[in-house]
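Inspection log for the structure reproduced underneath, given as structure tokens.
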Amino acid sequence: MSALAYAAERAVAIRAVLAASGVCQRVFTKLVNGETITKKDKSPVTIADFSAQAVVNTFLHQSFPADPIVGEEDSKDLRGEEGRVMREKVLELANTGLDSPLTEETLIETIDRGTFAGGPNGRMWALDPIDGTKGFLRGEQFAVCLALIVDGQVQVGVMGCPNLPVDAKNQNGEKGCLFITVKGQGAFQRNFSSSTETPISMSDIQSLADASFCESVESGHSNQSESAKIAQLLGITKAPVRMDSQCKYCSISRGDAEVYLRLPVSASYEEKIWDHASGSLLVAEAGGIVSDVHGKPLDFSKGRTLATNSGVVATHAEIHGKVIEVVQKVLFPEGKL
Ligand SMILES: Nc1ncnc2c1ncn2[C@@H]1O[C@H](COP(=O)(O)OS(=O)(=O)O)[C@@H](OP(=O)(O)O)[C@H]1O
Ligand SMILES: [Mg+2]
Ligand SMILES: [Mg+2]
Ligand SMILES: [Mg+2]
């Protein structure tokens with residue numbers, strides 16, 4: 001029997017995400033004020049974001065040197081005299097996750113391997129070294145997210161969620177889980193502490209009255225008053241589960257909640273491919289459908305953003321049509337798109 005498709009990519013992605021997750025956990029225990037900087041759009045970035053991108057990019061380059069990477073971060077703030085303090089910290093931290101240490105020069109080069117523009121052709125990796133940086137800073141949920149996209153289709157997704165309980169029913173139990181998926185091969189979860197993988201699937205709810213939904217913690221990332229209206233119209237009575245990062249996709253994929261709503265707050269914001277590539281494949285492989293608010297599939301072939309999509313609606317396949325119908329009614333009451 002021939003080997004499963006993308007077996008090598010899956011294995012390398014697991015090693016890379018575990019190493020980067022370890023770096024993030026080490027940074028968190030050391031994180032102090034002043035090590036967070038803010039980008040032009042006011043989003044935070046920490047030494048952990050840079051270090052984790054350097055670690056993952058190093059693993060990818062070792063195994064797949066020809067593959068381009070669409071990564072969230074770049075080295076701009078680490079260069080020159082202004083960036084020296086930050087650069088030295090990032091170098092030290094990144095090297096805690098690597099067998100062969102990077103130098104200051106190779107660190108910059110490695111981080112900037114993530115500047116690929118994306119597009120419709122060929123292979124590329126999409127990397128969010130820390131998704132949910134705000135959650136990371138609060139000691140709550142964040143995820144290291146890596147996906148392989150081939151000709152615009154996500155083929156492999158691996159997400160490391162260091163603060164996510166391995167069992168949602170035991171919030172005080174072991175934390176740290178990895179979610180793994182390859183197109184056509186299903187969705188799996190394993191603990192950081194063991195390599196045993198367990199298949200996961202979305203919960204097969206019979207009635208929306210029993211459902212609960214996930215959304216962003218940040219009201220600036222998803223319109224929470226509209227999601228409350230949608231929930232009410234759907235007959236959902238449970239309070240929303242607010243969680244940072246693609247842990248939302250992971251949670252619904254293993255049945256902790258049934259619906260993930262990300263409703264656009266501003267018409268001009270384009271979702272980034274690294275915020276959705278791995279999570280959307282995980283949900284699809286766990287029995288769900290992921291689309292934008294119009295029911296259109298997410299299109300990963302348009303560059304670094306989902307330029308032709310608006311928001312995200314992820315649910316079990318059985319209820320997706322119904323949820324989209326209500327989302328449309330609430331967002332576009334006059335039927336205008
Ligand atoms: N305006 C707006 N609308 C939608 N999304 C935005 C917006 N601004 C930022 N971002 C992206 O949100 C990513 C974090 O998403 P979350 O779902 O984790 O939101 S939350 O911060 O937890 O509430 C976050 O990812 P990270 O930067 O990796 O944390 C951003 O890429
Ligand atoms: Mg960010
Ligand atoms: Mg992100
Ligand atoms: Mg990020």
Side-chain angles (χ1 to χ4, degrees), residues 13 15-62 67-118 124-139 141-147 158-163 244-246 272-275 277-278 304:
R15 287 203 297 278
V17 168
L18 279 176
S21 299
V23 166
C24 297
Q25 287 171 299
R26 285 192 284 284
V27 179
F28 186 75
T29 54
K30 289 189 179 175
L31 201 71
V32 288
N33 287 339
E35 289 181 345
T36 308
I37 56 173
T38 309
K39 291 191 226 177
K40 264 213 206 86
D41 66 358
K42 305 259 190 334
S43 62
V45 56
T46 70
I47 48 173
D49 298 69
F50 293 119
S51 307
Q53 178 151 327
V55 168
V56 173
N57 284 4
T58 300
F59 276 79
L60 293 179
H61 192 63
Q62 278 164 357
D67 284 356
I69 303 167
V70 180
E72 180 180 5
E73 311 302 344
D74 66 60
S75 73
K76 190 167 60 47
D77 292 313
L78 302 179
R79 291 202 217 126
E81 192 44 34
E82 273 188 2
R84 192 171 56 79
V85 174
M86 190 93 171
R87 183 168 70 241
E88 285 168 358
K89 285 183 180 153
V90 170
L91 182 63
E92 190 191 327
L93 275 155
N95 283 339
T96 66
L98 295 171
D99 290 336
S100 344
L102 296 168
T103 62
E104 287 203 16
E105 291 72 40
T106 56
L107 172 76
I108 298 295
E109 189 187 303
T110 300
I111 290 173
D112 286 340
R113 258 184 229 123
T115 54
F116 187 62
M124 71 194 74
W125 294 87
L127 168 65
D128 195 338
I130 295 187
D131 183 37
T133 308
K134 289 182 177 169
F136 170 73
L137 288 166
R138 283 191 241 100
Q141 295 312 323
F142 71 96
V144 177
C145 302
L146 181 62
V158 174
M159 280 165 285
C161 308
N163 292 339
D244 301 274
S245 82
Q246 290 187 62
K272 309 296 187 285
I273 63 168
W274 53 79
D275 280 331
S278 46
R304 290 172 68 88

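Because only heavy atoms are used, hydrogens play no part in the values below, and waters and symmetry mates are left out as well, while side chains stay in.
Between Gln246 and Trp274 the shortest heavy-atom distance is NE2-O, 2.8 Å. Between Thr106 and Thr103, the closest heavy-atom pair is OG1-N, 2.7 Å. When all heavy atoms of Met124 and Gly118 are compared, the pair lying nearest together is SD-CA, 3.6 Å. Val144 approaches Ser21 most closely through the heavy-atom pair CG2-OG, 3.7 Å. The two residues Ala16 and Leu146 come nearest to each other via the heavy atoms CB-CD2, 4.4 Å. Heavy atoms only, all atoms of each residue included: Val27 and Ile47 are closest at CG1-CG1, 3.7 Å.
Atoms OG and CG, from Ser278 and Asp131 in turn, are 8.0 Å apart once rounded to the nearest 0.5 Å. Interatomic distance, Arg79 CZ to Ile108 CD1, rounded to the nearest 0.5 Å: 6.5 Å. Atom CZ of Phe50 sits about 12.5 Å away from atom CG of Leu93, to the nearest 0.5 Å. The line from OG1 of Thr133 to CG of Leu137 is 7.0 Å long, rounded to the nearest 0.5 Å. From Lys134, atom NZ reaches atom OG1 of Thr46 across 13.5 Å, with rounding to the nearest 0.5 Å.
Within the 3.5 Å criterion, the main-chain N or O of Glu92 finds no donor-acceptor partner in the side chain of Asn95. Judged purely by atom type and a 3.5 angstrom limit, Gln53 uses its side chain to pair as donor or acceptor with the backbone of Glu73. With hydrogens and angles disregarded, no donor-acceptor distance shorter than 3.5 Å links the side chain of Glu82 to the backbone of Asp77. With Glu72 contributing its side chain and Asp275 its backbone, the two residues share no donor-acceptor pair below 3.5 Å.
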field: Audit row: Arg26, Thr96, side-chain contact (heavy atoms from CB on, under 4.5 Å) steps and yes/no
entry: CA-CA 9 Å; Arg26 285 192 284 284; Thr96 66; 3.1 Å; yes

- prompt: Step by step, would you call Phe116 with Ile69 a side-chain contact (heavy atoms from CB on, under 4.5 Å)?
  reply: CA-CA 6 Å; Phe116 187 62; Ile69 303 167; 5.6 Å; no

message: Set out, in order, the CA-CA distance, both residues' side-chain angles and the distance that settles side-chain contact (heavy atoms from CB on, under 4.5 Å) for Val17 and Met159, then state yes or no.
response: CA-CA 7 Å; Val17 168; Met159 280 165 285; 6.0 Å; no

task: Step by step, work out the side-chain contact (heavy atoms from CB on, under 4.5 Å) result for Glu88 and Arg84.
output: CA-CA 6 Å; Glu88 285 168 358; Arg84 192 171 56 79; 3.4 Å; yes

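In this structure, the side chains of Arg113 and His61 come closer than 4.5 Å at one or more pairs of heavy atoms. Counting heavy atoms from C-beta on, the side chains of Phe59 and Leu98 come closer than 4.5 Å. Side-chain contact check for Pro162 versus Phe142: some heavy-atom pair is nearer than 4.5 Å. Side-chain contact between Leu102 and Glu109 is absent, with no heavy atoms from C-beta onward closer than 4.5 Å.
Classification of Asp244 and Arg138 as a salt-bridged pair holds, one side-chain N sitting under 4.0 Å from a carboxylate O.
Each of Asp128, Val56, Ile130, Leu127 was scored for a side-chain contact (heavy atoms from CB on, under 4.5 Å) with Cys145, with one residue passing: Asp128.
Using modelled atom types and a 3.5 Å distance limit, the side chains of Asp112 and Ser75 yield a donor-acceptor pair.
Residues meeting the side chain to side chain donor-acceptor pair (under 3.5 Å) test with Asp67, sequence neighbours left out: Arg123, Trp125.
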